[in-house]
Amino acid sequence: MDAILKKIRTDLRLSMNGVVSASMREKGLNYGLNFGVSIPKLRQIAKKYKPNVSLAETLYEQDTRELKILATMLYPVEHLSDKTADEWCRLISNQEIREQACMNLFQNSANTVCLAQRWAEHPDENIRTTGYWLLARLFLTRKDDMELKQLKMDDILLKSAKDIRSESAFLQRAALNVFKFYGRTSKKRAETVLELLKMYEKSENSVEREIYEVLSFEFSLLD
């Protein structure tokens, strides 16, 4: 294990980009260590190593941007338990890791629909934000999947309608994505979303009006 970790760190040092790393810090993406390696390059590095639970867990524990992202790429999804998924979700520290974890790992889990439902209804805002991002990924990539029909969308949409007005920019954007990608899956669902947010159409709040206008425009492009 130590030899593999040393080799991975060497790969990262050879690919590091100080300018990108500094730019990320300026934008608020703070890590203990950040090599500034691009996501495409990290995918290339990940292909050099065999997916392994112990390796992925060790990488995820590190406060290093690239190691955390590689962990989401190297965890063998067939071995991902609900307990581990819940723990990894709880430990998500920023939006970049959230997006990478949802895209590389969580959305590929055999139990992804249950995870998305549970997280989207969780009282913790950080976990709920991840749940919304996972839902958006599922609607985007698996819109015809019969499993998605198991989702209790009435409950999720009501929760999202509250969070779309959150002071947290990340939670607000995540909730908006739920509406956007859910509505994109069919005209009927688009109509459901617009009806639920109908009060925003002529709201005195410019943000609420913009939310309605953005979604209305998105859905007007549906076949």
Side-chain angles (χ1 to χ4, degrees), residues 27-31 60-61 63 65 68-69 71-72 75 77 80-143 145 147-185 189-190 192-200 203 205 207-208 210-212 214-215 218:
K27 294 175 181 177
L29 280 175
N30 297 313
Y31 298 90
Y60 200 69
E61 290 172 357
D63 189 17
R65 171 182 174 267
K68 284 188 178 296
I69 294 174
T72 69
Y75 199 107
V77 68
L80 182 66
S81 67
D82 283 8
K83 181 179 179 181
T84 298
D86 285 341
E87 181 65 11
W88 280 38
C89 178
R90 186 183 66 79
L91 293 174
I92 286 174
S93 57
N94 62 53
Q95 184 61 23
E96 182 179 33
I97 299 301
R98 174 176 292 114
E99 293 180 21
Q100 289 300 312
C102 285
M103 180 169 58
N104 301 329
L105 184 60
F106 298 148
Q107 75 172 18
N108 299 314
S109 166
N111 207 26
T112 186
V113 172
C114 292
L115 293 177
Q117 181 84 48
R118 184 165 71 250
W119 295 346
E121 296 177 335
H122 201 282
D124 184 282
E125 281 192 6
N126 191 54
I127 293 175
R128 201 157 68 249
T129 301
T130 302
Y132 289 159
W133 271 96
L134 181 55
L135 281 169
R137 289 294 310 173
L138 296 184
F139 291 134
L140 178 64
T141 61
R142 301 168 62 167
K143 66 178 182 179
D145 194 330
E147 285 186 89
L148 295 183
K149 294 184 178 180
Q150 298 175 21
L151 287 167
K152 298 176 182 177
M153 283 309 301
D154 287 346
D155 295 339
I156 291 174
L157 292 177
L158 287 174
K159 179 76 79 172
S160 300
K162 294 180 180 179
D163 287 333
I164 207 170
R165 293 174 291 177
S166 171
E167 294 182 0
S168 166
F170 294 122
L171 182 58
Q172 183 186 86
R173 182 183 174 192
L176 178 60
N177 278 343
V178 170
F179 285 120
K180 181 186 297 184
F181 292 110
Y182 177 70
R184 279 184 184 178
T185 59
R189 289 174 176 176
T192 297
V193 168
L194 292 179
E195 180 63 27
L196 185 61
L197 300 179
K198 188 176 181 180
M199 75 288 290
Y200 289 177
S203 172
N205 185 306
V207 174
E208 292 179 350
E210 183 179 359
I211 288 172
Y212 188 89
V214 166
L215 292 173
E218 281 274 344

Problem - Nearest-0.5 Å distance that lies between atom CG in Asn94 and atom CD in Glu99 - result: 9.5 Å
Exercise for the section: Output yes when a side-chain donor or acceptor of Thr72 lies under 3.5 Å from a complementary backbone atom of Ile69, and no otherwise. Expected result: yes
Problem - Any side-chain heavy-atom pair of Ile156 and Ser160 under 4.5 Å - result: yes
Exercise for the section: Begin from the C-alpha positions of Tyr31 and Ile97 and carry the test side-chain contact (heavy atoms from CB on, under 4.5 Å) through to its verdict. Expected result: CA-CA 11 Å; Tyr31 298 90; Ile97 299 301; 3.7 Å; yes
Practice task
Any chance you could measure Thr130, atom OG1, to Ile92, atom CD1, to the nearest 0.5 Å?
Solution key: 3.5 Å
Practice task
Measure the spacing between CG of Leu215 and CZ of Arg184 and express it to the nearest 0.5 Å.
Solution key: 10.0 Å
Handout entry: Rounded distance (nearest 0.5 Å) linking atom NZ of Lys68 with atom CG of Leu91
Key = 6.5 Å
Practice task
Begin with the C-alpha distance, continue with both residues' side-chain angles, and end with the deciding distance and a verdict on ring-ring contact (aromatic ring centres under 6.0 Å, His included) for Trp133 and Phe106.
Solution key: CA-CA 10 Å; Trp133 271 96; Phe106 298 148; over 10 Å; no
Problem - Heavy-atom donor-acceptor pair, Thr129 side chain to Phe170 backbone, under 3.5 Å - result: no
Handout entry: Leu151 side chain reached by Leu135 side chain, heavy atoms, under 4.5 Å
Key = yes
Problem - Over all atoms of both residues, closest heavy-atom pair of Tyr200 and Ala161 - result: OH-O, 3.6 Å
Practice task
Determine, for Arg128 against Glu121, whether the closest basic-nitrogen to carboxylate-oxygen distance falls under 4.0 angstrom.
Solution key: no
Practice task
Using atom types as modelled and distance alone, determine if a side-chain donor or acceptor of Asp163 lies under 3.5 Å from a backbone N or O of Ser166.
Solution key: no
Handout entry: Under 3.5 Å donor-acceptor, Thr185 side chain and Tyr182 backbone
Key = yes
Practice task
Count the heavy atoms of every other residue, nucleotide or ligand shown that sit under 6.0 Å from CD of Glu210, and state whether that count exceeds 12.
Solution key: no
Exercise for the section: State whether the side chain of Gln172 and the backbone N or O of Ile164 hold a donor-acceptor pair below 3.5 Å, judged by distance alone. Expected result: yes
Problem - Stepwise side chain to side chain donor-acceptor pair (under 3.5 Å) test for Glu96 and Gln100 - result: CA-CA 6 Å; Glu96 182 179 33; Gln100 289 300 312; 5.8 Å; no
Fill in the blank from the handout: Smallest heavy-atom separation, Ala190 atom then Gly183 atom, equals CB-O, 3.5 Å
Exercise for the section: Begin from the C-alpha positions of Asp155 and Lys152 and carry the test side-chain contact (heavy atoms from CB on, under 4.5 Å) through to its verdict. Expected result: CA-CA 6 Å; Asp155 295 339; Lys152 298 176 182 177; 4.0 Å; yes
Problem - Flag, side chain of Arg142 to backbone of Gln107, donor-acceptor distance under 3.5 Å - result: yes
Problem - Pair Tyr75 and Trp88, ring centroids less than 6.0 Å apart - result: yes
Exercise for the section: Return yes if some donor-acceptor pair links the side-chain N/O of Asn177 with the main-chain N/O of Tyr132 below 3.5 Å, else return no. Expected result: no
Exercise for the section: Write down the atom of Ser168, the atom of Glu125, and the distance for their closest heavy-atom approach. Expected result: CB-OE1, 4.0 Å
Practice task
Report yes or no: does Asn111 contribute a side-chain atom to a donor-acceptor pair with the main-chain N or O of Cys114 at less than 3.5 Å?
Solution key: no
Problem - Working for side-chain contact (heavy atoms from CB on, under 4.5 Å), residues Val77 and Asn104 - result: CA-CA 9 Å; Val77 68; Asn104 301 329; over 6 Å; no
Handout entry: N/O donor-acceptor pair under 3.5 Å between Thr84 side chain and Leu80 backbone
Key = no
Practice task
State plainly whether the residues Arg118 and Asp86 are in salt-bridge range, i.e. N to O under 4.0 Å.
Solution key: yes
Completion exercise
d(Leu115 CG, Cys102 SG) to nearest 0.5 Å is 10.0 Å
Practice task
Working to the nearest 0.5 Å, report the span between CZ of Arg173 and NZ of Lys180.
Solution key: 8.0 Å
Practice task
Would you tell me whether Arg90 and Asn126 have side-chain atoms, one donor and one acceptor, within less than 3.5 Å of each other?
Solution key: no
Exercise for the section: Tell me, yes or no, whether the heavy-atom count around Tyr212 atom OH, taken from other residues, nucleotides or ligands under 6.0 Å, exceeds 12. Expected result: yes
Handout entry: Nearest heavy atoms of Phe181 and Ala136, plus distance in Å
Key = CD1-CB, 3.6 Å
Exercise for the section: Would you mind reporting whether Val207 and Ile211 have side-chain heavy atoms less than 4.5 Å apart? Expected result: yes
